[in-house]
Each structure stands twice: as structure tokens, then as C-alpha cells.
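Input: a single structure, listed below in C-alpha cells.
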Amino acid sequence: MPSAQQSTAMTSHACSLSVVQLCKAAGDPLRANILRLLAHDSFGVLELCSIFDMAQPAMSHHLKCLAEAGLVQKRPEGTFVFYQRARPESEFVQSLFAGLDAEYDNQMDSSVAAIYKTRAERSIAFFESHADALHQQQTRVCHADVYRQAVLNTIQRLPETSRSKALEVGPGDGSLLQDLSRLFSKAEGIDTSATTLKAAEVATGNCQNVKLTHADFMKIPPVRRANAIVATMVIHHIASPQAFFFQAGNHLRNGGLLVVAELIQHEQRWVTEACGDIWLGFTPAQLIQWSDDAGFEHLDQQILAQRNGFTVQVHAFQLLQPEQSTGPPPPPGTKKRRT
């Protein structure tokens, strides 16, 4: 049996090996840039190959080195595997990541923007060409009635003095936007699909305080005028879910409310073809972490009854003062929040 002194020496040796492994994994210039990029978002192997102009076998080798060192995590999305930087569990790794982030090379931004554009265009094209069948397919996943009341109950926690404007991203058939128009002085729905907006226009035609905007929410300039932003069954269609939270912060007043209804992570791959989904839902922890990075405080969550093999989560987030956000910088292409 080793003595106490020997045990201490063995533990110290093991820690040293861990540090050496971490430094070796992050010390390669390419792997350092991969870690810098993965601080902001998750990317598939082929996407990383495109960004860094590298063959897949070589990229897979670098990712394996980072994964074995515990510096990146795998995230399955159907038949694909995405990678994201791991959350640091030690002060050493925190310092390592902080040093890498301080030297972020924005020359990667144009390549990242091309990836986001490809993801977004795939989703937009689907909505434009499948508008007639989309509502029926989405009902197979989860009808809006499942989460509507939970969303409205959450919204009504805002005092009436803070209900000048609500913004709904992806208003769908307009029924929830119609409800918001009764609770707020102004309600705006924004969507990338002109075809989808026509349905919302019919539902809200008699609402004098409703505005419909045909635009990409992720690209509109930051104007912090909304008291509340609502996104129901929307984030799994967005190219960068993490960037969504930063953009929401760009459009909310301090103390404003972000209400999200989303699918919990699932394995029903048919929705990518039938409903144009980019992501197969999210764990509650993912949404909470992304909101925290973007300067939100998580207020509460509700897990609703499972239906058709899908489970819906409803979250409420409140925007903190900008200086209180301690997360990493926003993803490439996302404007920083105005103070």
C-alpha cells in the first residue's frame, strides 16, 4: 500500500498529466482556432471542414484530440454529430479559454456566415414551398393549443405599465399574436416567409395595433423597444440558436421578458424533411446556458405533457443590465447589445 506521501505524489503526477494533455490539445494553432470558434456555436464536422478548408479525416483527428482532452463535447443531431466547446470545470481551463477568446481571429467570420446562410436558406426555402402542408405537419408534432395558455400566463407576469410592445418571432397562423395584441399597446410579428405571414394577416386583420414585418429577425438592426419577445416552436428553425438569445437581448428593454416554447431534444428525424427543422429540439440546460451567456436570468420553466412522442418546454427569461452579462462574446455576425 503506498504511503500518504506517495499517494500525494501520484495524485500530483496525475494532475500534471491532465494539464499536459490539455496544453498539448490546445497548443496546436489549428485546434486553438477550433476552440475559439466553438465557444460561440456548435458545428458539424463537414461545416468545420468548410470553415478551415480541411479534409474530413484530418478534421476528425483534431476533434478527437480535443474531445479526449475534455475540451469539446459532441452533440447528436439525427444522423449528424455537432461539436461545441465544453463548459470549463476548472480555473485552469477557464483561464485557457479566456486567453484563446482574447485572440479570436475574425477572419473566420465570413466562412461562418456562409454556413449560417446555408442553414437559413434551407429553412426559408422549405417554408415557402411547403406552406399548404406545413400546418398539418406541425400539428402532428405539437398543436399551438398545447402551449398557448402557458405562454400567455407567463407573459402576464409583466406589469401593465411594462406592456407597450410585444414582438413575436415566427407568428405562424397569427392566433398567439392576436392574443398579444390584447395584452400590449402594440404587437409585431416578424417572419422570413411572406407566405406564412399571409395566414397571420388574416387572423389579425381586425387588430389595429398589430404590425407584420417580412424580415429575418436575426438580421434586423438592434433597437431595444420591446417589453416582451415570444418565440414558440421557432428556435429549432434558426441557423444559430445561441445567436438568437443575443439578438433577442438586442431588441428587449432592460428587464424585458423573453418567453420560449420549444421541443425537448428528440430523435424523430422525419421532422427535418416534413417540417424543415434544422435542430431536433434542445435540452432545458442548453436553452438556459445560452440565455445566461446572452445576459438573461432564467425565471422558470414548465415541462408540458408529452404528445406524439414530443415534449414541449416553456421558459421565461428576463434581460439583465448589459454589464451583468458574464458569458462569452456573441456568435460571429451577431451585433453586440447596445447599452
Side-chain angles (χ1 to χ4, degrees), residues 12-77 80-119 218 239-247 279 282 285-286 289-295 325-337:
S12 176
H13 179 64
C15 290
S16 296
L17 287 177
S18 177
V19 170
V20 169
Q21 186 181 17
L22 289 170
C23 291
K24 184 177 180 180
D28 178 87
L30 174 66
R31 291 198 287 269
N33 269 336
I34 292 173
L35 286 172
R36 291 184 181 105
L37 178 66
L38 295 183
H40 306 282
D41 213 335
S42 55
F43 294 92
V45 177
L46 294 180
E47 291 178 335
L48 291 169
C49 289
S50 175
I51 292 169
F52 291 99
D53 192 20
M54 176 174 291
Q56 183 176 349
M59 178 57 68
S60 296
H61 167 74
H62 287 293
L63 291 170
K64 181 180 179 181
C65 292
L66 292 172
E68 289 178 345
L71 295 175
V72 300
Q73 295 175 332
K74 296 180 182 179
R75 172 182 165 189
E77 286 289 340
F80 299 98
V81 175
F82 284 72
Y83 288 83
Q84 189 168 10
R85 200 165 78 178
R87 294 289 166 180
E89 296 182 357
S90 69
E91 291 185 6
F92 177 80
V93 177
Q94 289 176 12
S95 298
L96 175 64
F97 285 170
L100 290 171
D101 292 340
E103 298 179 358
Y104 178 79
D105 183 2
N106 59 12
Q107 291 183 353
M108 294 186 285
D109 285 3
S110 59
S111 297
V112 173
I115 297 296
Y116 288 164
K117 182 179 179 181
T118 299
R119 292 179 184 176
M218 299 301 296
S240 174
Q242 292 91 323
F244 169 81
F245 286 92
F246 282 94
Q247 182 70 336
W279 310 101
F282 311 97
Q286 285 175 320
Q289 185 61 66
W290 295 333
S291 71
D292 182 67
D293 289 344
S325 174
T326 58
T334 307
K335 295 182 182 293
K336 291 185 178 181
R337 189 188 318 150

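When reading the values below, keep in mind they use all heavy atoms of this one structure, side chains included, and skip hydrogens, waters and symmetry mates.
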**Prompt:** Yes or no on side-chain contact (heavy atoms from CB on, under 4.5 Å) for Ile34 and His62, after CA distance, side-chain angles and deciding distance?
**Reply:** CA-CA 9 Å; Ile34 292 173; His62 287 293; 4.2 Å; yes

**Asked** Around atom CZ of Phe92, are there more than 12 heavy atoms of other residues, nucleotides or ligands at under 6.0 Å?
**Response**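 Enclosed: over 12 neighbouring heavy atoms sit under 6.0 Å from CZ of Phe92.
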
Considering only heavy atoms from C-beta outward, does the side chain of [X] approach that of [Y] to under 4.5 Å?
{"X": "Met108", "Y": "Asn33", "value": "yes"}
{"X": "Tyr83", "Y": "Gln73", "value": "no"}
{"X": "Phe97", "Y": "Leu71", "value": "yes"}

What pairs of donor and acceptor atoms, side-chain ones from residues 42-61 against any protein atom, are under 3.5 angstrom apart with sequence neighbours left out?
| from | atom 1 | to | atom 2 | distance (Å) |
| --- | --- | --- | --- | --- |
| Ser42 | OG | Arg75 | NH1 | 3.1 |
| Glu47 | OE1 | Gly44 | N | 3.0 |
| Glu47 | OE1 | Arg119 | NH2 | 2.7 |
| Glu47 | OE2 | Arg119 | NE | 3.0 |
| Glu47 | OE2 | Arg119 | NH2 | 3.4 |
| Ser60 | OG | Gln56 | O | 3.0 |

Can you see which heavy atom on [X] is nearest to which on [Y], and at what distance?
{"X": "Leu66", "Y": "Ala25", "answer": "CD2-O, 3.7 Å"}
{"X": "Phe244", "Y": "Met218", "answer": "N-CE, 3.5 Å"}
{"X": "Trp279", "Y": "Ala239", "answer": "CZ2-O, 3.4 Å"}
{"X": "Ala32", "Y": "Ala26", "answer": "CB-O, 3.6 Å"}
{"X": "Arg36", "Y": "Leu100", "answer": "NE-O, 2.8 Å"}

**From CG (Leu35) to CD (Gln84), nearest 0.5 Å** = 12.0 Å

**Request:** Please round to the nearest 0.5 Å and tell me the distance separating atom CG of Asp293 and atom CZ of Phe246.
**Result:**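 Asp293 atom CG to Phe246 atom CZ measures 5.5 Å (nearest 0.5 Å).
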
**Asked** Partners of Arg31 by salt bridge (Lys or Arg N to Asp or Glu O under 4.0 Å), sequence neighbours excluded?
**Response** none

**Asked** Can you tell me if Arg85 uses its side chain to pair, donor with acceptor, with the backbone of Leu38 under 3.5 Å?
**Response**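 Flag not set: sc Arg85 to bb Leu38 has no pair under 3.5 Å.
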
